[in-house]
Amino acid sequence: MNDNAVALSQETTMAEVTSPDSPPFSPSIEVAQLKSLEISQKLIEQIPSQFVQRHRVLPLQSDKGCLWVASSRELEPRITDDLSLMTGCEIRVTLAPERELTERIAEIYQITVEQLFENWDEGDDATQNTGNLHDIEVMANEPTVVNLVNVIISTAIRERASDIHMVPFEDKLELRYRVDGLLQEMPPPPRNLQAAIISRIKIMADMNIAERFLPQDGNFQIQHRGTRVDLRVGTMPTVHGESVVMRLLEKNQKVPTASELGLDEERVIELNRLVNKPHGLFLTTGPTGSGKTTTLYSILNGVYTPEKKILTIEDPVEYQLPGVAQIPVRPSRGFTFATGLRAILRQDPDTVMVGEIRDSETAEIAIRAALTGHQVFSTLHTNDASGAVTRLVDMGVEPFLISSSLEGVLAQRLLRRLCEKCREVDSEAREHLLSLGLIDAPESKETFHRGAGCDECRNLGYKGRVGIFELLSIDAPLRELIVQRGTSGQIKAHAAKHMRSMRQDAILKAVAGMTSLREVIRVASTVEES
């Protein structure tokens, strides 16, 4: 290392590393904690973003003809010479952690995945694909590949993505982010880096990089702007290489209330009545990604008191709830929902949450727990609330047990919210209403909206999501119908007399300007109406 490079620990400040001849710095500025540094806009504009991006250097502060820059490695003389020419300053280098530096550069210069790949040198021989496993492992730890993967992940977090999809094809490695429930295509990473990128992700997730022909699962954590983000990683072999999906879970996220989820006041009252019963089974239902687990977290937050012992068994633990003991399942070690639930019941709980009822064994144990004085919450994969009963019957649970234990079912979907910045009146509302089959609706004077698209929402017209729900309360006539093995249609016909369907709820949210009729058609038109 040359004289102008100084290694820093997490506690080292600029004041501690500068020599007597160096420019003065405030002792309160910590180089290792780059996210807390205030960097002047004038200094940022002095050095082009392409230069910063390519060489991974971040200007920190200039004073008395000296410019301090942060880098994760010793800089070559030609880079410091270029910096001197651009700024007219003597260059001093401070070493900083690689990942934190990359994230801070991306944040300050707003470097996106698009910009990163536009400026990538595909002719770099050091990054070419190779069939040699040792070479791939070496490339996966190269700074260029490490930075690329870090930018892909940090950009996904900034874009509020819930998942990152990387799928190899013959001529490209497709990169897509799932934002507000829909996949958004991003510029593809360089195809010649495919093996190195996939291997880098597998190394981070503690997976076997030598195994490329069987599916694998792994996970890792990162810190992004003071927030801990857990990433669940799954790989799948395809004809053109391994496909990767990363699920992003922000651990510091606040658990929303029922009202924030999208439930109106009347149904919040009914939901509270059902979930505050001392025992019984309450289910949330819907397809994958419909927000079922988030709703259960919201419910648990609401029912928690110091007098109650609440235990959960989940795959994985998505939010951390105060006062709640949360247990992750480990199928690889034989610790499944069923075995975990049996063990939990020996821990004297008042309330139990089971992440998902996947099989007859878990269903049987959960229902018997509800019958023996426990409050049990869980999720099921069904299209609507009435389908939960027939799903349990299909699993082999006796109807009389379901009738005696089930208290309520909340079915849900997620609609994209209209962007507040670009929301405008929808001139095509009549056509949308006709497509929904609401024959008399075009005569109404309700105003509907759509999103025009703007920079705030990346020209999508939507930002964020809101739930649509139907809440099924199990009353005495319904219990009798369940015992008689009533069909899903019969249960729904009975419930329709006093239950607002998801489709009706979706249209009301469109009337309120929360979403568009086009979004209602996309999500709720498949929900069966009685």
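Here, residue 1 is the first one in the sequence, and each next residue gets the next number. Fair warning: this is a prediction, and the values are worked out from it, not measured in the lab.
For T312 (side chain) and M353 (main-chain N/O), no donor-acceptor pair under 3.5 Å exists by modelled atom type. Panel note: side chain R212, backbone P237; no donor-acceptor pair is recorded below 3.5 Å. Distance alone, capped at 3.5 Å, is enough to place a donor-acceptor pair between the D505 side chain and the F469 backbone. Checking side-chain atoms of Q221 against main-chain N and O of Q223 turns up no donor-acceptor pair under 3.5 Å. Judged by distance alone, the side chain of K202 and the main-chain N or O of N208 form a donor-acceptor pair under 3.5 Å. Proximity of a side-chain donor or acceptor of Y462 to a complementary backbone N or O of S516 within less than 3.5 Å is not detected. Within the 3.5 Å criterion, the main-chain N or O of G453 finds no donor-acceptor partner in the side chain of K421. Side chain of K509 to main chain of G262: a donor-acceptor pair is present (N/O by atom type, distance under 3.5 Å, no hydrogens or angles). For the pair T379 (side chain) and G355 (backbone), a donor-acceptor distance under 3.5 Å is present.
The pair K254-E260 meets the salt-bridge criterion, since a charged nitrogen lies less than 4.0 angstrom from a carboxylate oxygen. The existence of a salt bridge linking E250 and R228 is excluded, since no basic side-chain nitrogen approaches an acidic carboxylate oxygen closer than 4.0 Å. Residues R358 and D315 are paired through a salt bridge, judged by an N-O separation under 4.0 Å between the basic side chain and the carboxylate.
Q184 is not listed as a side-chain neighbour of R176, based on a closest heavy-atom distance of 4.5 Å or more. Two residues are said to be in side-chain contact when any heavy atoms from C-beta on lie closer than 4.5 Å; L231 and V229 meet this criterion. Residues L173 and M166 have side chains in contact (heavy-atom distance under 4.5 Å, counting atoms from C-beta outward). Side-chain contact between M236 and P215 is present, with heavy atoms from C-beta onward closer than 4.5 Å.
In this structure, R247 and S162 approach most closely via the heavy-atom pair CD-O, 3.2 Å. A70 and A96 make their closest contact through CB-CB, 4.3 Å (heavy atoms, listed as atom of the first residue, atom of the second, distance). The heavy-atom pair separating G451 from L418 by the smallest distance is N-CD2, 3.3 Å. Counting all heavy atoms, side chain and backbone alike, P189 lies closest to I197 at CB-CD1, 3.7 Å. Between I153 and F220, the shortest heavy-atom contact is CD1-CZ, 4.0 Å. The nearest pair of heavy atoms linking I203 to I209 is CG1-CG2, 3.8 Å.
Residues T295 and Q412 have side chains that bring a donor and an acceptor to within less than 3.5 angstrom of each other. No side-chain donor from either of H240 and Q194 sits under 3.5 Å from a side-chain acceptor of the other.
The environment of CZ in R423 is crowded: more than 12 heavy-atom neighbours from other residues, nucleotides or ligands sit within 6.0 Å. Atom CG of D171 has more than 12 heavy atoms from other residues, nucleotides or ligands within 6.0 Å.
In this structure, CZ in R333 is found 13.0 Å from OG1 in T339, a value given to the nearest 0.5 Å. Between the CE atom of M246 and the CG atom of N219 there is a distance of 13.0 Å, given to the nearest 0.5 Å. Distance OG1/T515 to CD1/I468: 9.0 Å, rounded to 0.5 Å. Distance CD1/I152 to CG/L148: 4.5 Å, rounded to 0.5 Å. Atom OG1 of T80 is separated from atom CZ of R92 by 12.5 Å, given to the nearest 0.5 angstrom.
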Requested in this report: Check step by step if side-chain hydrogen bond (donor to acceptor under 3.5 Å, both in side chains) holds for E314 and Q326.
Outcome: CA-CA 7 Å; E314 307 171 53; Q326 296 170 268; 3.1 Å; yes
Requested in this report: Before giving the answer on salt bridge (charged side-chain N to carboxylate O under 4.0 Å, His left out), spell out for R78 and D82 the whole-Å C-alpha distance, their side-chain angles and the decisive distance to 0.1 Å.
Outcome: CA-CA 6 Å; R78 64 180 179 82; D82 288 344; 5.0 Å; no
Query raised in the report: Please walk me through it: do E159 and K463 pass salt bridge (charged side-chain N to carboxylate O under 4.0 Å, His left out)?
Result: CA-CA 10 Å; E159 297 288 343; K463 189 174 182 182; over 6 Å; no
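The one candidate from R458, R160, R416, R417 that meets the salt bridge (charged side-chain N to carboxylate O under 4.0 Å, His left out) condition with D180 is R160.
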